[in-house]
**Q** 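Pasting a structure here, questions to come.
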Amino acid sequence: LITLDPGHFHAALVQKTAYPEVSQTVYIYAPEGFDVNEHLKRIDGFNNRVDSPTEWEEIVYTGPDFLEKMLTEQPGNVMIVAGNNGKKTEYIRQALQHGIHVLSDKPMAIDREGYDLLQSCFDMADDQDLLLYDIMTERNEITSMLQRDLSRIPAIYGEQLIGTPEDPAVVKESVHHFYKTVAGNPLKRPAWYFDVEQQGEGIVDVTTHLVDLVQWETFPDEVLTVDDVYITDANRWTTPISAEEFTQVTGAEAFPDFLQKDVKNDTLYVYCNGDISYQLKGVNAKVSVIWDYTFPEGGGDTHYSVMKGSKSNLIIRQEKEQNYKPELYIEITPETGAADYEKTLHAAFSDLEKTYPGIALQQLTPNVWQVMIPDQYRVGHEAHFGQVTEKYLQYLKEGALPYWETPNMKVKYHTTTSALERAKQKEAYQKRLAE
């Protein structure tokens, strides 16, 4: 493995576990400073933990010519990149040009220019038999997996509803927090993370996961094209960060010069929130992401999702009522008869129990069942990085990604970057009207 310019903690989480087919020597190329130092601390923490310590050996090069040095030496064949998203797409291009496979954190593009460059990267990877893949951890979250599987059982779900822009048939909502803990320690974020020109706006960042889930769950294993996407609405808005909060989460004593454009009255306003309403092959979907500074006591990042079928809605909730753990519910539609449905539900669910031993149904009301999920399936967000990496390593052995992955990644980033353009155009139009 080669780790390039690790500015996000996701780069370290790829190494939270070891892999039999991967050398324990990892080569890091980065500029000197906070980002690489924090990365090395996390790897050191994995190596020195009490339970299942890793044995990574980090060979580190730091200097202003870190990219050129990596391309010249090429000590590995897979580049891990998770950091400044404004630079990431170019990093990917350079690696592919030199014959290096890429496993990238999301997002791989944060604007239209980046999307166009990413398109050429996919073409380059295809021409050279290289694997370019983004880390979609949420596909390994057990409630999302079960939601997807249940939606493929007509006896339980019925047919996928189409919905309307006002009442979408698929909804994904995600709430995240700037100040939180990772691997048991308070997370220190780099100052550039709060600059949307470097990190990307919320509408092109976390929404990457949500758009991916809409595609992966609603049209599993299908090849999609950009013509399948029609954006009906998109919005963006800011989260205020005080000077004290900024210091707490970054360690910086003041807002740096590159953030002054977003500072008013000693408060930083970050365009980290957004929503996208769109149609995918005619199905109306809506995804939204919200960033708060930190979460209430006992809380954490949350996820809400609903898929609407003709017989039932499949709903994931992760609020205080669920102890901030994602839980999955089956809620029958008004048109479905409860008495007849219960027999059908248990009969159809038994097949799923064979795939996921230990899951069960608990009826909460005459019309609602909760899917009871054993703790063995709740491995947590940090462990999902290892699961994605294991799949990627298997694809490397096989010499190819699944046939639908690359075209659907293109559609995913087309959706997010087009939505950003739409949201900015809408905001500019509203501003002109107000004037």
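Keep in mind that what you see is a predicted model, and the values were worked out from it rather than measured. Residues: numbered from 1 along the sequence shown.
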**Q** Centroid-to-centroid, Phe194 to Phe255, below 6.0 Å?
**A** no
**Q** Counting N and O atoms only, with roles assigned by atom type, does the side chain of Ser418 sit under 3.5 Å from a partner on the main chain of Thr415, one being a donor and the other an acceptor?
**A** no
**Q** Under a plain distance cut-off of 3.5 Å, with no hydrogens placed, do Ser305 and Arg317 share a side-chain donor-acceptor pair?
**A**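 Result is no, nothing qualifies.
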**Q** Are Trp56 and Asp44 close enough that a side-chain donor and a side-chain acceptor fall under 3.5 Å?
**A** no
**Q** For Asp266, what residues pass the salt bridge (Lys or Arg N to Asp or Glu O under 4.0 Å) criterion, not counting sequence neighbours?
**A**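 Result, salt bridge (Lys or Arg N to Asp or Glu O under 4.0 Å) vs Asp266: none returned.
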**Q** Do NZ/NE/NH1/NH2 and the carboxylate oxygens of Asp212 and Lys412 come within less than 4.0 Å?
**A**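 Yes, Asp212 and Lys412 are salt-bridged.
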**Q** Regarding Gln394 and Glu398, do their side chains bring together a donor and an acceptor under 3.5 Å, going by distance alone?
**A** yes
**Q** Report yes or no: does Asn273 contribute a side-chain atom to a donor-acceptor pair with the main-chain N or O of Trp237 at less than 3.5 Å?
**A**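 It does hold such a pair.
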**Q** Are side-chain N/O atoms of Gln198 and Asn85 paired as donor and acceptor at under 3.5 Å?
**A** no
**Q** Check Ile100 against Asn77 and note the closest heavy-atom contact, atom names and distance.
**A** CG2-O, 3.7 Å
**Q** Do Gln147 and Tyr329 have a side chain donor and acceptor closer than 3.5 Å?
**A**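 No - no donor-acceptor pair under 3.5 Å links their side chains.
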**Q** Does Tyr230 OH have over 12 foreign heavy atoms under 6.0 Å away?
**A** no
**Q** For a quick check under 3.5 Å, do Asp65 and Tyr61 share a side-chain donor-acceptor pair by atom type?
**A**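 Note: Asp65 and Tyr61 side chains meet the donor-acceptor criterion.
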**Q** Asn47 and Thr54: side-chain donor and acceptor closer than 3.5 Å?
**A**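 Yes, a side-chain donor-acceptor pair sits under 3.5 Å.
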**Q** Could you tell me whether the side chains of Thr207 and His209 share a donor-acceptor contact shorter than 3.5 Å?
**A** no
**Q** Do Gln370 and Glu327 pair up side chain to side chain, a donor and an acceptor below 3.5 Å, judged on atom types alone?
**A** yes
**Q** Any chance the side chains of Asp149 and Tyr356 put a donor and an acceptor closer than 3.5 Å?
**A** yes
**Q** Side chain to side chain donor-acceptor pair (under 3.5 Å) with Glu90: which residues, sequence neighbours excluded?
**A** Arg93, Gln94
**Q** Would you tell me whether Asp134 and Tyr413 have side-chain atoms, one donor and one acceptor, within less than 3.5 Å of each other?
**A** yes
**Q** Hey, would you say the Trp291 and Phe178 ring centroids sit under 6.0 Å apart?
**A**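 Yes.
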**Q** Just wondering, more than 12 heavy atoms not from Asp221 lying within 6.0 Å of its CG?
**A** yes
**Q** Check whether NZ of the Lys or CZ of the Arg Lys172 lies under 6.0 Å from the centre of the six-membered ring of Tyr304 and within 45 degrees of that ring's axis.
**A**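 The answer is no, since Lys172 fails at least one limit relative to Tyr304.
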**Q** Output yes when a side-chain donor or acceptor of Asn284 lies under 3.5 Å from a complementary backbone atom of Asp167, and no otherwise.
**A** no
**Q** Ignoring hydrogens and geometry, is there a side-chain-to-backbone donor-acceptor pair from Ser144 to Asn140 under 3.5 Å?
**A** no
**Q** Glu38 and Lys188: which non-hydrogen atoms are nearest, and at how many Å?
**A** OE1-CB, 4.0 Å
**Q** Tell me whether the count of non-hydrogen atoms from other residues, nucleotides or ligands lying under 6.0 Å of NZ in Lys261 goes above 12.
**A** yes
**Q** Within a reach of under 6.0 Å around CD of Gln376, are more than 12 heavy atoms found that belong to other residues, nucleotides or ligands?
**A** yes
**Q** Is a side-chain donor-acceptor pair under 3.5 Å present for Gln425 with Gln430?
**A** no
**Q** Side chains of Asp105 and His10: is there a donor and an acceptor less than 3.5 Å apart?
**A**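 Short answer, yes.
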**Q** Between Tyr293 and His177, is the ring centroid distance below 6.0 Å?
**A** no
**Q** Quick one: do the Glu405 and Tyr133 side chains pair a donor with an acceptor below 3.5 Å?
**A**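 There is such a pair (donor and acceptor under 3.5 Å, judged by atom type) between the side chains of Glu405 and Tyr133.
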**Q** When you compare the side chains of Glu73 and Tyr29, does any donor N or O come within less than 3.5 Å of an acceptor on the partner?
**A** yes
**Q** Would the number of heavy atoms belonging to other residues, nucleotides or ligands and lying under 6.0 Å from NZ of Lys106 be above 12?
**A** yes
**Q** Could you pull out every donor-acceptor pair under 3.5 Å between side chains of residues 121-129 and any protein atom, sequence neighbours left out?
**A**
from: Gln128; atom 1: NE2; to: Leu96; atom 2: O; distance (Å): 3.3

**Q** Around atom OH of Tyr429, are there more than 12 heavy atoms from other residues, nucleotides or ligands closer than 6.0 Å?
**A**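 Counting other residues, nucleotides and ligands, OH of Tyr429 stays at 12 neighbours or fewer.
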**Q** Quick check: does any side chain N or O of Arg236 sit under 3.5 Å from a backbone N or O of Ile203, one acting as donor and the other as acceptor?
**A**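 Flag not set: sc Arg236 to bb Ile203 has no pair under 3.5 Å.
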**Q** Looking at Leu71, is its backbone amide N or carbonyl O close enough to the side chain of His98 to form a donor-acceptor pair, meaning the two atoms are under 3.5 Å apart?
**A** no
